[in-house]
Amino acid sequence: MNEPVSQTPALELKNVTRVFHQAGVDLNVFHDISFRLAPGEIVALVGQSGAGKSSLLHIAGLLEAPTSGEVLIVGQAASRLSERERTTIRRETLGFVYQAHHLLPEFSALENVAMPRRIAGESARDAEGEAKRLLGEVGLSERLTHRPAQLSGGEQQRVAIARALGNAPRILLADEPTGNLDPQTADAVFNMLIALVRAEGLAALIATHNYALAQKMDRTLLLQDGVLAEQAG
């Protein structure tokens with residue numbers, strides 16, 4: 001019997017293992033990882049560089065398949081679905097923010113943010129209306145027509161955050177979203193990200209090496225030596 005929607009985790013990993021095969025040698029990145037991300041919960045994923053945080057986010061976001069174990073997105077077992085089915089889940093349920101903004105340089109901020117909805121088949125008018133709202137939420141109402149090269153690093157990352165929310169996802173996955181910014185800008189952008197995620201009611205898993213930022217989230221998971229553990233506050 002399915003859990004009630006209110007009790008169903010937004011994201012759940014069950015006994016996930018990831019092994020890379022290189023030059024005849026098995027490299028165990030992580031082993032038997034299980035955790036739940038509740039609706040509306042913001043969780044920090046911390047660990048040293050090379051610990052496997054990005055790989056774990058890729059598996060959670062259905063960009064990589066685990067060697068074993070299962071990924072559930074809002075209760076749906078997803079890691080063994082077809083590529084087309086996984087793409088649909090990513091488009092409709094997941095939002096992604098990376099350390100590099102990955103904005104399309106030939107398009108304006110408004111066009112970059114509207115693009116996910118346009119790809120999903122929404123009219124230009126409706127997609128741009130939602131894009132304007134989101135850019136307003138991140139403080140860029142006056143920069144709609146600016147291309148990425150005309151924006152500061154912090155502004156570019158705010159556009160990337162707005163774009164990640166363009167399709168009204170239920171889960172946000174972010175990989176060092178302020179890692180390329182100076183400390184003052186990073187703090188401002190991160191505070192804006194947390195406020196926006198809470199306002200939109202999203203669940204979020206955010207990888208960061210910055211423990212001061214991690215303390216602003218609901219709880220912290222430490223990935224170390226292939227094992228994921230709750231870190232005491």
Side-chain angles (χ1 to χ4, degrees), residues 10-11 37 39-45 57 61 89-208 210 212-218:
L11 170 68
L37 180 66
E41 184 181 33
I42 303 176
V43 174
L45 175 63
L57 283 174
I89 292 174
R90 287 195 298 267
R91 184 177 65 237
E92 296 179 353
T93 310
L94 304 173
F96 298 87
V97 182
Y98 300 98
Q99 184 170 337
H101 55 74
H102 296 303
L103 299 175
L104 297 174
E106 66 272 30
F107 293 102
S108 68
L110 180 66
E111 291 167 332
N112 268 281
V113 176
M115 194 162 296
R117 298 182 85 96
R118 296 288 288 128
I119 291 172
E122 193 166 289
S123 70
R125 178 179 178 178
D126 289 344
E128 289 184 2
E130 179 61 9
K132 287 179 182 178
R133 183 188 74 81
L134 288 168
L135 286 166
E137 292 289 340
V138 299
L140 294 177
S141 293
E142 305 302 318
R143 311 286 271 172
L144 302 181
T145 62
H146 289 66
R147 294 184 179 183
Q150 299 171 302
L151 302 172
S152 69
E155 288 172 333
Q156 290 171 356
Q157 198 64 340
R158 282 190 275 164
V159 174
I161 290 166
R163 181 186 57 187
L165 302 182
N167 268 348
R170 298 178 67 172
I171 304 164
L172 181 75
L173 301 172
D175 193 357
E176 301 283 2
T178 60
N180 282 343
L181 305 176
D182 65 82
Q184 183 175 356
T185 302
D187 195 55
V189 170
F190 192 83
N191 288 338
M192 179 276 303
L193 171 62
I194 293 297
L196 187 55
V197 167
R198 293 204 188 280
E200 298 287 323
L202 306 183
L205 180 64
I206 303 175
T208 181
N210 188 323
L213 297 182
Q215 290 177 355
K216 297 181 179 182
M217 299 185 236
D218 297 325

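These figures come from a predicted structure and were not determined experimentally.
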Do [X] and [Y] have side chains that get closer than 4.5 Å, going by heavy atoms?
X	Y	answer
V189	I161	yes
Q157	P177	yes
N112	R147	no
L202	L165	yes
V138	V159	no
D126	R117	no
N167	E92	no
H102	R163	yes

Closest approach of [X] to [Y] (non-hydrogen atoms, all atoms of both residues):
X	Y	result
A162	L134	O-CD1, 3.5 Å
F190	I206	CE1-CG2, 4.1 Å
E122	R118	O-NH1, 2.7 Å
P105	P148	O-CD, 3.7 Å
A10	P39	N-CD, 3.9 Å

Under the 3.5 angstrom rule, does the side chain of [X] hit a backbone N or O of [Y] as a donor-acceptor pair?
X	Y	answer
R90	G95	no
E130	A127	no
T178	L181	no
D187	P183	no
Q156	L151	yes
D218	I42	yes
E200	V197	no

**Request:** Let me see the working for K216 and N191 under side chain to side chain contact (heavy atoms under 4.5 Å, CB included), right down to the final yes or no.
**Result:** CA-CA 9 Å; K216 297 181 179 182; N191 288 338; 2.8 Å; yes
**Aromatic ring pairing Y98/F96, orientation class (parallel under 30°, perpendicular over 60°, tilted between)** =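 Aromatic pair Y98/F96 classed parallel.
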**Request:** Apply the test side chain to side chain contact (heavy atoms under 4.5 Å, CB included) to residues T93 and R170: give CA-CA distance (whole Å), side-chain angles for both, the deciding distance (0.1 Å), then the verdict.
**Result:** CA-CA 5 Å; T93 310; R170 298 178 67 172; 4.1 Å; yes
Rounded to the nearest 0.5 Å, what separates atom [atom1] in [X] from atom [atom2] in [Y]?
X	Y	atom1	atom2	value
E176	L57	CD	CG	9.5 Å
Q150	E155	CD	CD	10.5 Å
E111	T145	CD	OG1	9.5 Å
S152	H146	OG	NE2	10.5 Å

**Asked** Within a radius of less than 6.0 Å around CD of E106, do more than 12 heavy atoms belonging to other residues, nucleotides or ligands occur?
**Response**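 Counting other residues, nucleotides and ligands, CD of E106 exceeds 12 neighbours.
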